[in-house]
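Within every chain, numbering begins at 1; the chains are lettered A, B, ... in the order of the sequence lines, protein sequences first and strands thereafter.
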Amino acid sequence: MSSRLPRKLRDTIRRRLIHWYRREQRDLPWRRTRDPYRIWLSEMMLQQTRVETVIPYYERFLERFPTVDVLASADEEDVLREWAGLGYYARARNLKRAAEHIVRDHGSMVPEDARQLGALPGIGRYTVGAIRSIAFRKPAALVDGNVNRVLSRLFAEPHFTDAALWGLAEALVSPSSPHEFNQGLMELGATVCVPRKPACERCPLTGQCEARQMDRPEDFPASKPKPPPKEVQAVSGILSRGGTRWLMLRRPSKGLLGGLWEVPSMEGDNPKALLAQLEERTGLRASIKSELGTLRHIFTHRALTLRVLELQAEGGRLKRSADARWVDAHELSELPLSRLIQKTLKLADVHPSR
DNA sequence: AAATCGGGGTT
DNA sequence: AACCCAGATTT
């Protein structure tokens, strides 16, 4: 693959991109540090998540978990709570598990070695390249959505294979300043070479860009048609005790919203089934007191229509369990809650308070 | 190779 | 409403 990249072109791209990045880079929190732990954290949060969304989470997370040792010895629930609202919660569980590995097996130091990094949970090919190039200044390549778009346009290739893309990235990466080159590629994709209406007049690589030459930047890369999210019905029930405590259940650790807390819920549109499941799981009997309303919530691959009911306690006693609790408004604020549950509680006029 | 896994900003 | 974001993991 590198054989198809003339050395002169490679050097021009490197030089122009790095110069542009030095001049135009945004001032972002993780660009003010070389602490590998902080670089790693930023990369985990930035997976499929925009810079502007991540910044406040990043700052708060580091106040609470300033070092890999603090993170490794923290409770998973506390880690999830700092992550709540950011999405893709497996990232937080993997981050915590990886921190434990690093403390136990690597003397609390984030490893430089690609194999050791890649063996950590939640760290794939992209994140290995990001940590090695940005934190350790190793000439490691990386490919993310931005890099894919920039390279596809540079070479007017609508359907790069992964192998071709990674081969190009490896051939291109600057050995003398890999951190600036890689971040420059991503920065360009994020601020100039954007998916729609790219600002080619501000691009340092217009002279090298084949898509620009064809005046068709938006044709690259070709986007694949994605199936629409599957429509799903669900029903939730709010059960309170004296209007001051509410029944909350912990979701299983794996799968959708794993490890987060929710009100009793189930798929389908059958309130009686919900009541039956509630009694089965908690030992509590309840009836339906009122309809609070309907919520619409879109996940990436699922479109949820949720009926929210107010339940009325009819007896029984809560089985002792780590996964079911009566919580007051303060305790509610200390549980990791997804956006969906935050919306559900709001609809029921239940407000977590610190 | 395709499906799963959140949430939100842009256009 | 469509698109996609500093992707990883499971199936």
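Mapping A:H297 and A:P227 onto DNA chain B by nearest heavy atom places A:P227 at the nucleotide closer to the 5' end.
In this structure, the CD atom of A:E82 is 18 Å from the P atom of B:dG6, given to the nearest Å. If you take NE2 of A:H301 and C1' of B:dG7, they are 13 Å apart, rounded to a whole angstrom. As a whole-Å value, the separation of A:N148 CG from C:dC3 P is 16 Å. Between the P atom of B:dC5 and the CG atom of A:L304 lies a distance of 13 Å, rounded to the nearest Å. Atom pair A:K224:NZ and B:dA1:C1' shows a separation of 10 Å (rounding to whole Å applied). If you take CG of A:L260 and C1' of B:dC5, they are 12 Å apart, rounded to a whole angstrom. For the pair A:M45 CE and B:dG8 P, the computed distance is 15 Å after rounding to whole Å. Atom-to-atom, CG of A:L86 to C1' of B:dG9 comes out at 14 Å; the value is rounded to the nearest Å.
A distance of about 15 Å separates the C1' atoms of C:dC4 and B:dC5, rounded to the whole Å. C:dA6 and B:dT11 are spaced 13 Å apart, taking the P atom of each and rounding to whole Å. Separation of the P atoms belonging to B:dG6 and C:dT11 is 15 Å when rounded to the nearest angstrom.
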Subject >> Annotated protein contacts, base or backbone, on nucleotides 5-11 of chain C with a non-hydrogen cut-off under 4.0 Å, one of B, S, - each >> reply: BBBSS--
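Here the rule is salt bridge (Lys or Arg N to Asp or Glu O under 4.0 Å) with A:E187, and of A:R202, A:R31, A:R22 only A:R31 fits it.
Both the sub-6.0 Å distance and the 45° axial angle are satisfied by A:R325 relative to the ring of A:W261. Cation-pi check for A:R125 over A:W166 is met; the charged atom lies under 6.0 angstrom from the ring centroid and within 45 degrees of its normal.
The aromatic ring centres of A:F65 and A:F61 sit less than 6.0 Å apart.
A:L185 is listed as a side-chain neighbour of A:L17, based on a closest heavy-atom distance under 4.5 Å.
In the set B:dC5, B:dG7, B:dT11, B:dT11 carries the atom at the smallest distance from any side-chain atom of A:K197.
Side chain of A:R153 to main chain of A:P217: a donor-acceptor pair is present (N/O by atom type, distance under 3.5 Å, no hydrogens or angles).
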Original post:
Can A:R250 and A:E76 be said to form a salt bridge (charged side-chain N to carboxylate O under 4.0 Å, His left out), step by step?
Top reply: CA-CA 13 Å; A:R250 186 182 182 278; A:E76 185 188 90; 3.6 Å; yes
Subject >> Verdict with reasoning, A:E43 to A:Y126, per side-chain contact (heavy atoms from CB on, under 4.5 Å) >> reply: CA-CA 9 Å; A:E43 294 301 340; A:Y126 162 81; 2.7 Å; yes
**OP:** Any chance you could lay out the side-chain contact (heavy atoms from CB on, under 4.5 Å) test for A:V110 and A:D35, step after step, and finish with the verdict?
**Re:** CA-CA 9 Å; A:V110 176; A:D35 179 354; over 6 Å; no
Subject >> Stepwise side-chain hydrogen bond (donor to acceptor under 3.5 Å, both in side chains) check, A:R38 with A:T33 >> reply: CA-CA 7 Å; A:R38 294 180 176 233; A:T33 181; 4.8 Å; no
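Taken residue by residue, residues 54-63 of chain A places no heavy atom nearer than 4.0 Å to DNA chain C. Residues from residues 334-353 of chain A with heavy atoms under 4.0 angstrom of DNA chain C: there are none.
Classification of the A:H297-A:F299 ring pair by plane angle, with boundaries at 30° and 60°, yields perpendicular.
The SG atom of A:C209 sits 10.5 Å away from the CG atom of A:D215 when rounded to the nearest 0.5 Å.
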